[in-house]
Number of protein chains: 2
Amino acid sequence: MDGGDTKPTKRKPARSASRGVTMEAVGRMAGVSQVTVSRALSDPSKVSAATLRKINEAIAATGFVPNAIAGALASSRSKLITALVPSITNIVYAAMIRAFSQRMREAGYQILLSETGFDPAEEERTIATHLSRRPDAILLTGIHHSPQARRMLLASGIPVVEVWDFTDSPIDICIGFRHVETGRAAAEFAVERGDTAAATISAGDERARRRKAAFSEHFTRLTGTPVAEIDFDEMATVARGRKGMARLIDDHGFTSGIVFCSSDVLAHGAIIEATKRGFAIPGDIAVIGFGDQEFAGDVEPPITTIKVDLEAFGRTAADALLRRFEGSSTPDTAIDLGFEIIRRQSA
Amino acid sequence: MDGGDTKPTKRKPARSASRGVTMEAVGRMAGVSQVTVSRALSDPSKVSAATLRKINEAIAATGFVPNAIAGALASSRSKLITALVPSITNIVYAAMIRAFSQRMREAGYQILLSETGFDPAEEERTIATHLSRRPDAILLTGIHHSPQARRMLLASGIPVVEVWDFTDSPIDICIGFRHVETGRAAAEFAVERGDTAAATISAGDERARRRKAAFSEHFTRLTGTPVAEIDFDEMATVARGRKGMARLIDDHGFTSGIVFCSSDVLAHGAIIEATKRGFAIPGDIAVIGFGDQEFAGDVEPPITTIKVDLEAFGRTAADALLRRFEGSSTPDTAIDLGFEIIRRQSA
DNA sequence: CTGTTAGCGCTTTCAA
DNA sequence: TTGAAAGCGCTAACAG
């Protein structure tokens, strides 16, 4: 760029390249040193009013934006939290992260978010790149991680929050609920309703499968009746809910009983299909969903579902971290936020 | 922390504090210098096979994870892209970002994502904090930004991509579609269908309002009939779709004609409400949505909607950036990806 | 209240 | 193929 001179110049750094205004430039303009600018920004009370004013003027004039990279390197606090979720288009995770982000942002943190797509290998790789950003904490979805991932996490020395599932022995902090319990509760709910037949429709989510397995096992134990299961490897969609119900009816002769779906979206589709085929909901076929999504109570018939407080997960996770950053002496470990069956009309 | 000695020690940095393994430590272990480790990582071909092997062993043994912060500061390339969307729980933005992230991740970039909640002031603040991370590029939703935001963006000197809307004079790169055109196209579609009455239901989104305004204006121009408008300040939900339709019927005596909704979710709710009240869809009331979301074709009746290819926005944005990073001589500027009316049964 | 001095852990020349 | 040296822009003691 700047000349092709062969003369071994004193290696003057190519500062020119407008890589942004520096504190030093601001300081020069305000007639103070660089450190004073730093102070003015981090703790204005440590700088005289007059100096502060000049610095602020200089900042405004230059459009200075502090370099957080340099700050993080120097202070070894990045004010960055990284988060991994299976999917950002799944409202369940998106809502949780939203609540988490809002709380953390208020405290001055930013969130670096990545999708892992339910793949442990991908999660491991992503954890490594995330840790390379030296976040002040990391949030993971789920409690199952590869051994190598656990090693890196532990070695990083930062707080690790596992959400959306529950274990008594988390890596560090765990905020979630027991998926298996939801399946059991749904089975009991079905039996209490008087159902003598049951089926399930599930999407490709490890936790969804655990809920389903618990439902089936418990229902069979209580009634002696086996449960027909329809599983999809992909994410939940209305179309798959319809297809699942169609298979249940066509292939399994399921025309009466309750269907436990791994998400409200699937339940919605199942209801649409059954209704279209002339079955009464819940008269002939009852449907129970999972998630209590926005629409669950507003479709016809309103969907009976298992509700978990998504926002609460995010908020609680953020609060636990914030408390930790403040050096709380009583660190949170495992918090079970539970769930609740919302009885509406579909079951 | 380390003792209360008054003796002015040689200020030995508190290195101890396990802030992670450094390249220097790895190098020491492998019997080479720190730079060699750096090279081994960035371009293995520049290091002898034997050295490479020893370095890799040391890395494995120590669990070394490179410090991207230090790397970014030194190279002034952060391999970080920053993105701002109005809402991450809105599938429209989530799907776009997902496609964008995937592409960028494959190229070694990570995405720092924030929500702005449709608020320009919040956007401006967020842009500032994002720029402080010295991203290699920034992606914004929409084309309207505060003057101060524009200034910061320009001053940053990095590529700026504006998506999801279209202008011929973008800050830098723009990838989107003309919202106004969608409204017009919908109005024409209605008139061609023979509708002589129309209404709208919109959520709190500036672009949704522009689509609606274009629809109403055009419909009125073509038919001479005013359009009843129901506006919500909040996000689209099935419940609001129902409420909107209820108001249209109860307050505006709207019992026949077409309803242009700012999203498929609203359309879905509107259809549910009208159906429940005994109106035939599309016989009595026709409904047209926006977005062609996953469920649009699978509910009853399937929703006629305006489709925009969400994934394409993300992919195209990523490709444009990647090309730019490679120093393309023909920079993309404004790309109009258009839209399409998907005719199903609701209209 | 303000400035000086050392780094933070890398990448980038330049030299060997 | 390897190493030495010089920063990147900021924060953290420490000294006035």
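Order of the sequence lines sets the chain letters (A, B, ...), proteins ahead of strands, with each chain counted from 1.
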Salt-bridge test for B:Glu122 and B:Arg125: reply yes if a basic N is under 4.0 Å from a carboxylate O, no otherwise.
yes
Contact class for A:Ser45 vs. all strands (heavy atom < 4.0 Å): base, sugar-phosphate, or nothing?
sugar-phosphate
Send over the distance from B:Asn67 CG to C:dG7 P, rounded to a whole Å.
18 Å
Donor + acceptor pair across side chains of A:Arg98, B:Thr89 (<3.5 Å):
yes
Starting from C1' on C:dT11, measure out to NZ on B:Lys79 and report it in whole angstrom.
14 Å
Between C1' on D:dT1 and NZ on B:Lys54, what's the gap in Å once rounded to a whole number?
12 Å
Between atom CZ in A:Arg133 and atom P in C:dC8, what is the gap in whole Å?
21 Å
Check the surroundings of atom CD in B:Glu24: do more than 12 heavy atoms from other residues, nucleotides or ligands lie under 6.0 Å from it?
no
Testing D:dA4, C:dG9, D:dC10 for proximity to the side chain of B:Arg39, the answer is D:dA4
Inspect the contact between A:Arg151 and A:Glu124 and indicate whether a charged nitrogen and a carboxylate oxygen are less than 4.0 angstrom apart.
no
Among C:dT2, C:dT11, D:dT2, which nucleotide sits nearest the side chain of B:Ser48?
D:dT2
Contacts of B:Thr333 that satisfy side chain to side chain donor-acceptor pair (under 3.5 Å) - sequence neighbours left out:
none
Kindly say if A:Arg77 contacts the phosphate of D:dA12, meaning a side-chain N or O under 4.0 Å from OP1 or OP2.
yes
Give a yes or no on whether a salt bridge exists between A:Arg103 and A:Asp319, defined as a side-chain N under 4.0 angstrom from a carboxylate O.
yes
For the pair made of CZ in A:Phe64 and C1' in D:dC10, what is the distance, rounded to whole Å?
9 Å
Spacing between A:Leu80 atom CG and C:dC8 atom P, to the nearest angstrom:
21 Å
Any donor-acceptor pair under 3.5 Å linking the side-chain atoms of B:Gln110 with those of A:Arg133?
yes
Give, for atom OG1 of A:Thr316 and atom CD1 of A:Ile335, the distance between the pair rounded to the nearest 0.5 Å.
6.0 Å
Axis-to-axis angle for the helix from C:dC1-D:dG16 to C:dA16-D:dT1, ends of five pairs each, to 10°, equals 30°
B:Arg134 (side chain) and D:dG9 (base): donor-acceptor pair under 3.5 Å
no
Take the protein atom NZ of B:Lys46 and the nucleotide atom P of C:dC14, then report the distance between them rounded to whole Å.
13 Å
Under 4.0 Å from any atom of DNA chain D, heavy atoms only: list the residues of residues 23-38 of chain B that qualify, in numerical order.
B:Val32, B:Ser33, B:Val35, B:Thr36
Under 4.0 angstrom between A:Thr51 side-chain N/O and C:dT2 OP1 or OP2
yes
Is a donor from one side chain sitting under 3.5 angstrom from an acceptor on the other, for A:Thr129 and A:Ser132?
no
If you only use heavy atoms from C-beta on, which nucleotide in C:dT11, D:dT2, D:dG9 is closest to the side chain of B:Leu73?
D:dG9
How about B:Phe100 and B:Phe313: are their ring centres within less than 6.0 Å of each other?
no
Just how far, in rounded Å, is C1' of C:dG9 from CG of A:Leu131?
16 Å
